[in-house]
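As the structure lists them, so they are numbered: ligands from 1, and atoms in each ligand from 1. Only this structure's heavy atoms are used, side chains among them; waters, hydrogens and symmetry mates stay out.
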Amino acid sequence: MTDAAISTAYSQILDVIGSVEPRIAAATRQELEDQRASLKLIASENYASPTVLLTMGTWLSDKYAEGTVGHRFYAGCQNVDTVESVAAEHARELFGAPYAYVQPHSGIDANLVAYWSILAHRVESPGLEKLGAKNVNELSDADWESLRQELGNQRLLGMSLDAGGHLTHGFRPNISGKMFHQQQYGTDPETGLLDYDALAARAREFRPLILVAGYSAYPRRVNFAKVREIADEVGATLMVDMAHFSGLVAGKVFTGDEDPVPHAHVVTSTTHKSLRGPRGGFVLAQEEFAGDVDRGCPMVLGGPLSHVMAAKAVAFAEARTPSFQDYAQSIADNAKSLAEGFLSRDATLVTGGTDNHLVLLDVSSFGLTGRQAESALLEAGVVTNRNSVPADPNGAWYTSGIRLGTPALTTRGFGHAEFDRVAELIVEVLSNTQPGTTKAGGPSKASYVLADGVAQRVKDGSAELLEKHPLYPGLELA
Ligand SMILES: *Cc1c(COP(=O)(O)O)cnc(C)c1O
């Protein structure tokens, strides 16, 4: 599709939307302008291709298709069958996985599917066999109650939130922390690095049914072969949540021991982060777990989002090209450039650097909390998010860190020089920001004072970079 054709298509679509609800058309237009004008460093965000975006906007959304390919609870699903099987085929081939399930609507859904399929495989099926029943509907009320208790009393070991894990890895306020008896592992308090010996010791002591690896805010690669050894030693099922870094796996930046797919029993992911697809999730599994993962619906899902599965197929196809491999390598190279840009300006990074797509800047050396840094940066047009650092003295709300990722700006074409300049702009904001005071006059963890003129100077600096690397180049709305 040419730039002119895409521009015409979107302009007309927005006119049609605006004729029904002008505020939605206006917000959609404004979002493009805002995204174009901001330095987006949120590590979990990206910009999907116009093809991926267009694929979501169709009547495939209208179809109910609960069930699996060729085995639906609704009639007339032949086209959804095609969509789902093409998406799953691309996912299997892209990641070299025996089995792929592309129905989950989000990363959290993918994790729920994975957790319940592991429980089904390891607890429910053996329980049924012992009771001589084929399925749960055959059980007496008393037998079902005891099996249900057993399903709800299993152990899960995941990485703690403040070490970089995700809330779905056993954090108490999340359902994963309520459905499992959970414990968390952290990182070495000195180095900030994952300590495999400490993890092994914790696993030996706790003996989890499920060991979860993967992260949202850990700036290093993980040796999944080692984690699998630990899981095997204690009889745990290894689940890797690659939501953040699946683009680096797809793009063959993480290979061998750093590729989770050959080592984990079950792998989950989002599609919209470094993988640059539509918002969504998916699950990959070894054969042993495939049948259970396949029952994601009715286990925890309802009807699949067929229009999004179509866009996943397109995104997976895009990720199978050599240009995506170049993109993935640039994500990692650019993160190194960003880290070096900070280190050369005397800023402090958790673990002292990065070898993936993100950098965790410890802002306490600027005398700020993460909340203050995040707000001051936003005032200067730099979009980031605050994040805990290991053993954070400011807790999970105010935090002491800022998480910065390279996938989005790498999509815009930023390279080494641009990311060095980004580090310079960020340091300029933070070194010109002072903590504010509370209404009562005490020190505040939230308010801040940014020196006069800095916000505008940094905005001008960002604008120069952003204009050189336009978002959706060629897309002009009439
Ligand atoms: C983002 C993320 C998720 C959740 O994805 P959603 O699509 O927002 O539900 C799950 N796990 C990890 C590790 C993540 O980073």
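- Between His169 and Tyr185, the distance separating the two ring centers is not shorter than 6.0 angstrom.
- Residue-ligand proximity, Thr270 to ligand 1, at heavy-atom distances under 4.0 Å covers atoms 5 (O), 7 (O).
- When the side chain to side chain donor-acceptor pair (under 3.5 Å) test is applied to Glu379, the partners found at least two apart in sequence or on another chain are Tyr448.
- Donor-acceptor pairing under 3.5 Å is recorded for the side chains of Asn334 and Thr410.
- Considering backbone and side-chain N/O atoms, His169 never comes within less than 3.5 Å of an N/O atom of ligand 1.
- Salt-bridge formation is detected for the pair Glu45/Lys40: a Lys NZ or Arg NE/NH1/NH2 atom is positioned less than 4.0 Å from an Asp or Glu carboxylate oxygen.
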Could you pull out every donor-acceptor pair under 3.5 Å between side chains of residues 52-65 and any protein atom, sequence neighbours left out?
{"residue": "Thr55", "atom": "OG1", "partner": "Thr51", "partner atom": "O", "Å": "2.6"}
{"residue": "Thr58", "atom": "OG1", "partner": "Leu60", "partner atom": "N", "Å": "3.1"}
{"residue": "Lys63", "atom": "NZ", "partner": "Ala75", "partner atom": "O", "Å": "3.1"}

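- A salt bridge between Asp292 and Arg295 is present, with a side-chain N of the basic residue lying under 4.0 Å from a carboxylate O of the acidic one.
- In summary, the atoms of ligand 1 found under 4.0 Å from a heavy atom of Asp241, numbered by their order in the structure, are 10 (C), 11 (N), 12 (C), 13 (C).
- Short contacts between ligand 1 and Ser106, defined as distances under 4.0 Å to a heavy atom of the residue, involve ligand atoms 7 (O), 9 (O).
- Atom 1 (C) of ligand 1 has its nearest heavy-atom neighbour, among Met242, Lys273, Arg279, His244, in Lys273.
- Inside a 4.0 Å radius of atom 6 (P) of ligand 1 there is at least one protein heavy atom.
- A salt bridge links Asp81 with Arg72; the closest basic N to acidic carboxylate O contact falls under 4.0 Å.
- Listed by number with element, the atoms of ligand 1 under 4.0 Å from a non-hydrogen atom of Tyr215 are 13 (C).
- Residue Ser216 places at least one N or O, backbone or side chain, under 3.5 Å from an N or O of ligand 1.
- Remark: ligand 1 atoms within the under-4.0 Å shell around heavy atoms of Ile108 are 4 (C), 5 (O), 6 (P), 9 (O).
- Residue Ala243 touches ligand 1 through its side chain alone, judged by heavy-atom distances below 4.0 Å.
- Taking the six-membered ring where tryptophan is involved, the planes of Tyr215 and Tyr218 are perpendicular, since the angle between them exceeds 60° and thus also 30°.
- Residue-to-ligand polar distances place Gly107 within reach of ligand 1: an N/O pair is separated by less than 3.5 Å.
- Assignment of His272 to the shell around ligand 1 is supported, since a heavy atom sits closer than 4.0 Å.
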